[in-house]
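First up is the structure itself, then whatever we jot down about it.
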Amino acid sequence: MTSRPVRVRFAPSPTGPLHVGGARTALYNFLYARATGGTFVLRIDDTDLARSTDESLQNILDGMRWLGLDWDEGPTRPGETESASRFGPYFQSLKFDRYREVVLDLRERGRAYPCFATAEEVEEGRQAMARETGVPMYDRRYRTLPRDEADARIAAGEPHVWRFATPLASDGGESRVVVHDAVKGDVEVDLKQIDDFVMLRNDGTPLYNLCSTVDDLDMEITDVVRGEEHFVNAVKQILLFRALEADVPRFAHLPLILGKDGKKLSKRVAQTNLLDYRDQGYPPEAIVNFLTLLGWSFDGEREIFSLDEAVRAFSIDKLGRSGSVFDEDKMIWMCGMYVRATPVDVLVDRVAPFLEDAGVLSKSAIAESRAFVENVVACHRERFDRYGEVPSKIAFLFADTVEYDAKALKNLRKSPETADWLLAFRGALEGVAVPPSWPDRPPEADALRLPEPVNDTANRGGGSSAFARPSELEAMARSLADRLGIGFGNLVAPLRAALTGAAGGAGLFDIVYLLGRERCVARIDAAIESLRS
RNA sequence: GUCCCCAUCGUCUAGCCAGGCCCAGGACGUCAGGUUUUCAUCCUGAAAACAGGGGUUCAAAUCCCCUUGGGGACGCCA
């Protein structure tokens with residue numbers, strides 16, 4: 001087989017938001033194009049004018065860009081037309097004349113005919129066919145209508161659609177079609193199963209199978225990579241390619257992404273709108289990584305890899321044949337892996353919009369206290385997987401008062417002496433240089449990068465900062481516990497409760513350092529107060 | 001109902017095409033330990049699968065057939 005350079009397309013219809021299944025289809029097209037040095041085309045299949053919306057188009061383009069799936073040809077920005085190319089336009093709604101032309105051509109070739117059946121007649125025939133053959137389809141009643149009669153009825157303004165005349169064995173035509181599919185292998189389909197499908201609606205607008213085929217032809221698409229639900233369409237399109245005496249592209253029908261219920265992923269069982277993941281702060285790299293693994297495997301061992309690495313390792317014949325369940329737990333785990341691997345400054349950029357939206361920190365506050373915010377995020381990065389989780393995890397640092405959760409309350413009341421211990425700690429605080437509370441922190445307080453390296457003894461306790469670093473605060477607390485004659489945990493648990501309102505969280509002395517003197521003192525006082533009342 | 005596809009741990013998968021190296025490897029999740037001031041991270045370990053039945057073969061997760069199970073399609077949607 002002579003192989004032209006690969007040209008693949010992702011062809012969503014802008015009738016709804018980009019679905020995660022669609023995103024994976026786009027991703028595999030992208031990988032295949034990049035892996036083979038081919039071209040990745042984005043085409044907008046907006047033939048259904050009634051259901052297509054600009055909002056959906058925008059959503060699709062945003063989703064593609066968010067994932068980093070850059071296309072070589074296709075629309076640029078909504079409102080703009082498209083990247084200049086001899087293969088455009090990339091909106092099917094701009095090519096209606098072309099499709100109609102093809103239908104007329106098809107009629108000359110004996111493969112298209114007008115059908116005047118009413119909706120009721122079609123339905124009636126459908127039921128009869130279902131009874132007779134088991135296949136509910138149009139009964140082809142207008143297929144043999146003489147041409148002059150058909151033209152007369154058209155001229156008279158009678159409503160009609162244009163149908164494709166599927167080759168029939170009874171007419172001496174071929175009776176089977178073989179789909180050569182990269183994932184399914186060669187699949188033979190009996191044409192008895194194939195309807196005389198509609199190509200042009202009653203209102204003259206074209207339909208999917210026609211447009212898709214014509215565009216794949218016009219755009220010199222070499223490989224059609226799409227979801228398995230399109231498999232039967234491949235047969236219709238092959239018929240169309242042949243009728244047009246054109247080369248048939250290769251096909252690859254991807255197994256579906258399944259929900260926990262084992263059925264095609266739907267919003268009933270999962271979040272299917274790709275951009276919802278963005279809005280909840282899932283790292284896009286993690287989504288891409290995860291989606292890549294749904295039906296393909298890097299090397300059988302490695303789970304975490306970049307899009308570029310996937311491109312280098314990708315091979316279309318390593319695609320799996322069975323559907324895969326969308327496992328949100330694993331995806332969240334993967335998000336966490338990316339969060340922990342992201343440099344702190346980048347991480348803060350990613351997290352910032354979520355902090356702003358939640359009203360925890362304003363954009364200007366983040367900019368002005370950048371080093372402080374980076375330390376806050378760095379101290380919490382092992383405790384969140386998605387950016388959207390951050391505001392609620394760090395809000396306590398900026399609150400005026402804290403509310404104790406059940407476990408914190410328990411820790412606070414564990415011993416009748418906790419109030420005394422807290423008071424002792426409060427007193428000990430007087431003797432150490434705890435940085436002032438935000439926002440009144442001098443820059444040098446946050447020049448120290450947190451969290452401190454655990455095993456870096458050279459860095460711990462050394463240095464000449466004007467402030468006591470967390471490790472020094474910890475040393476202070478340990479000696480205080482010694483003096484009080486209690487275990488370290490007895491001091492630390494209620495202190496954490498008093499300071500954060502929770503039983504878990506970032507390193508306690510990182511928290512003391514970040515919270516600052518005034519807030520620490522106020523919270524300890526508040527805790528003691530509540531213990532006494 | 002008709003046609004098509006699929007079938008390895010609960011889940012994602014490697015192995016299957018070119019049978020032996022597989023009493024089946026990795027990952028998520030689960031459970032148990034360890035590290036830690038807590039939670040988390042991290043580390044170690046455990047339980048966990050070739051759907052069933054027939055063949056072919058010296059040898060089958062790997063090839064063939066049947067059964068069962070699951071999924072998809074059957075639009076003047078894409």
Side-chain angles (χ1 to χ4, degrees), chain A residues 11-16 22 45-48 50-52 115 117 119 122 126 129-131 133-138 159-163 179 181 183-185 187-190 192-195 197-203 205-209 211-212 226-233 235 253 255-256 258 260 262-264 290 293-304 317 320-334 336 340 380-384 407-408 411 454 474 477-478 481 487-493 495-497 500 502-509:
Chain A
S13 73
T15 52
D45 282 12
D46 57 348
T47 57
D48 191 338
R51 293 197 303 149
S52 295
C115 165
V122 169
R126 199 186 298 282
M129 290 289 279
R131 276 194 303 277
T133 68
V135 188
M137 63 184 186
Y138 171 65
H160 62 284
V161 299
W162 284 83
R163 291 183 179 269
V179 181
D181 193 282
V183 347
K184 293 177 179 302
V187 181
E188 202 176 70
V189 177
D190 191 328
K192 280 204 286 272
Q193 297 291 322
I194 304 302
D195 206 346
F197 56 91
V198 175
M199 295 185 287
L200 296 180
R201 293 182 178 87
N202 182 28
D203 66 4
T205 58
L207 259 4
Y208 173 70
N209 282 117
C211 300
S212 186
R226 75 236 298 190
E228 189 173 37
E229 72 270 22
H230 280 296
F231 188 82
V232 181
N233 290 325
V235 177
H253 288 93
L256 269 16
L258 279 16
K260 292 253 182 237
K263 299 185 194 308
K264 185 157 81 160
F290 179 76
L293 251 10
L294 243 35
W296 183 77
S297 114
F298 189 85
D299 61 3
E301 299 280 304
R302 218 169 129 193
E303 306 279 337
I304 306 292
D317 45 51
R321 304 169 192 286
S322 51
S324 14
V325 175
F326 189 78
D327 181 354
E328 297 195 62
D329 284 344
K330 184 162 183 176
M331 186 162 83
I332 289 170
W333 163 78
M334 199 168 269
R340 270 157 249 134
H380 288 85
R381 71 142 98 219
E382 282 164 7
R383 276 157 272 257
F384 67 90
K407 285 182 184 170
N411 287 339
V454 176
E474 180 183 336
R478 282 186 188 278
F488 192 45
N490 292 136
L491 175 61
V492 149
L495 183 58
R496 173 180 291 282
T500 70
L508 182 56
F509 300 97

Exercise. Could you work out the separation of G10(B) and C66(B) based on their C1' atoms and round it to a whole Å?
Key: 29 Å
Quiz item: Out of U2(B), A78(B), G25(B), which has the shortest distance to the side chain of L207(A)?
Solution: A78(B)
Practice problem: Write down the distance separating the C1' atoms in A59(B) and C16(B), rounded off to the nearest Å. | Solution: 16 Å
Practice problem: Side-chain contact test, heavy atoms from C-beta onward, threshold under 4.5 Å: evaluate it for E229(A) versus L256(A) and give yes or no. | Solution: yes
Practice problem: Could you tell me whether the side chain of R340(A) has a donor or acceptor atom within less than 3.5 Å of a complementary atom in the base of U41(B)? | Solution: no
Quiz item: Atom CZ of F231(A) and atom C1' of A73(B): how far apart are they, to the nearest Å?
Solution: 10 Å
Self-check item: Separation of atom CD1 in I332(A) from atom C1' in C12(B), rounded to whole Å
Solution: 15 Å
Quiz item: Which value, in whole Å, describes the distance between the P atoms of nucleotides A61(B) and A78(B)?
Solution: 48 Å
Quiz item: Quick one: does R383(A)'s side chain have a donor or acceptor within less than 3.5 Å of a partner on G505(A)'s backbone?
Solution: yes
Self-check item: Distance, P atom - from C17(B) to A49(B), rounded to whole angstrom
Solution: 24 Å
Practice problem: For the side chain of S322(A), starting at C-beta, report the closest nucleotide among C6(B), C5(B), G26(B). | Solution: C6(B)
Self-check item: Between P of G75(B) and CG of N233(A), the distance in whole Å
Solution: 11 Å
Quiz prompt | side chain to side chain contact (heavy atoms under 4.5 Å, CB included), paired with L293(A), selected from K330(A), E303(A), M331(A) | solution = E303(A)
Quiz item: What does R226(A) touch in the nucleic acid at a heavy-atom separation under 4.0 angstrom: a base, only the sugar-phosphate, or nothing?
Solution: nothing
Quiz item: With a non-hydrogen cut-off below 4.0 angstrom, is T47(A) in contact with a base, only sugar-phosphate, or nothing?
Solution: sugar-phosphate
Quiz item: Considering only side-chain heavy atoms of F488(A), which listed nucleotide, C12(B), U37(B), C76(B), is closest?
Solution: U37(B)
Quiz prompt | Nucleotide forming a Watson-Crick or wobble pair with C21(B), both distances under 3.5 Å | solution = none
Quiz item: Got V235(A) and V179(A) here, is their nearest side-chain heavy-atom distance under 4.5 Å?
Solution: yes
Self-check item: Any donor-acceptor N/O pair, R163(A) side chain to M199(A) backbone, under 3.5 Å
Solution: no
Practice problem: Side chain of E382(A) only, please: which of G75(B), A40(B), C77(B) is the nearest? | Solution: A40(B)
Quiz item: In whole Å, what separates the C1' atom of C74(B) from that of U11(B)?
Solution: 31 Å
Quiz item: How far does the P atom of U62(B) sit from the matching atom of G54(B), given to the nearest Å?
Solution: 14 Å
Quiz item: Between U38(B), A27(B), A78(B), which nucleotide has the shortest distance from any of its atoms to the side chain of R496(A)?
Solution: U38(B)
Self-check item: Side chain of E474(A) (C-beta onward), nearest among U37(B), A40(B), U11(B)
Solution: U37(B)
Quiz prompt | Watson-Crick or G-U counterpart of U44(B), or none if no pair lies under 3.5 Å | solution = A32(B)
Exercise. Answer with base, sugar-phosphate or nothing: what part of the nucleic acid does N209(A) contact at a heavy-atom distance below 4.0 Å?
Key: nothing
Quiz item: Within the pair R381(A) and A40(B), is there a side-chain N or O less than 4.0 Å away from OP1 or OP2?
Solution: no
Quiz item: Hey, which of these two, D48(A) or E188(A), hits RNA chain B nearer its 5' end, going by closest nucleotide?
Solution: E188(A)
Quiz prompt | E303(A) side chain, from C-beta outward: closest of C3(B), G26(B), C12(B) | solution = G26(B)
Quiz item: What does A503(A) touch in the nucleic acid at a heavy-atom separation under 4.0 angstrom: a base, only the sugar-phosphate, or nothing?
Solution: base
Where do N or O atoms of nucleotides 64-71 of chain B meet protein N or O atoms at under 3.5 Å, pair by pair?
from   : atom 1 : to      : atom 2 : distance (Å)
G71(B) : OP1    : K263(A) : NZ     : 2.5

Quiz item: Taking the P atom of each, how far is C31(B) from U36(B), in whole Å?
Solution: 23 Å
Practice problem: Determine whether R201(A) and D48(A) make a side-chain contact, defined as any pair of heavy atoms from C-beta on separated by less than 4.5 Å. | Solution: yes
Quiz prompt | With sequence neighbours excluded, residues passing salt bridge (Lys or Arg N to Asp or Glu O under 4.0 Å) with E188(A) | solution = R176(A)
Quiz item: Can a donor-acceptor pair under 3.5 Å be found between the side-chain atoms of R321(A) and the base atoms of C6(B)?
Solution: no
Practice problem: Please work out if D45(A) contacts a base, only the sugar-phosphate, or nothing of the nucleic acid, heavy-atom cut-off 4.0 Å. | Solution: sugar-phosphate
Quiz item: Within the structure shown, what part of the strands sits under 4.0 Å from G507(A) by heavy-atom distance: base, sugar-phosphate, or nothing?
Solution: base
Practice problem: Report the nucleotide, chosen from C5(B), U11(B), U2(B), that has the shortest atom-to-atom distance to any side-chain atom of V187(A). | Solution: C5(B)
Quiz prompt | Side-chain ion pair, R51(A) and D46(A), N-O less than 4.0 Å | solution = no
Quiz item: What nucleic acid atoms does V161(A) come within less than 4.0 Å of, heavy atoms only: base, sugar-phosphate, or nothing?
Solution: base
Quiz item: Of V492(A) and P206(A), whose closest RNA chain B nucleotide lies nearer the 5' terminus?
Solution: V492(A)
Quiz prompt | Watson-Crick or G-U wobble mate for C3(B), both contacts under 3.5 Å | solution = G72(B)
Exercise. Measure from the side chain of S297(A), starting at C-beta and using heavy atoms only, and say which of A14(B), G75(B), A73(B) lies closest.
Key: A14(B)
Quiz item: NA contact type, H230(A), heavy-atom cut-off 4.0 Å: base, sugar-phosphate, or nothing?
Solution: base
Quiz item: Quantified in whole Å, what is the C1' atom distance between nucleotide U68(B) and nucleotide G52(B)?
Solution: 7 Å
Exercise. With heavy atoms under 4.0 Å as the rule, sort R478(A) into base, sugar-phosphate or nothing.
Key: sugar-phosphate
Practice problem: Ignoring the backbone of E229(A), work out which of C4(B), C74(B), G72(B) is nearest its side chain. | Solution: G72(B)
Quiz item: If you round to the nearest 0.5 Å, how far is CD1 of I194(A) from CE of M137(A)?
Solution: 8.0 Å
Self-check item: Minimum side-chain heavy-atom gap F509(A)-V492(A) below 4.5 Å
Solution: yes
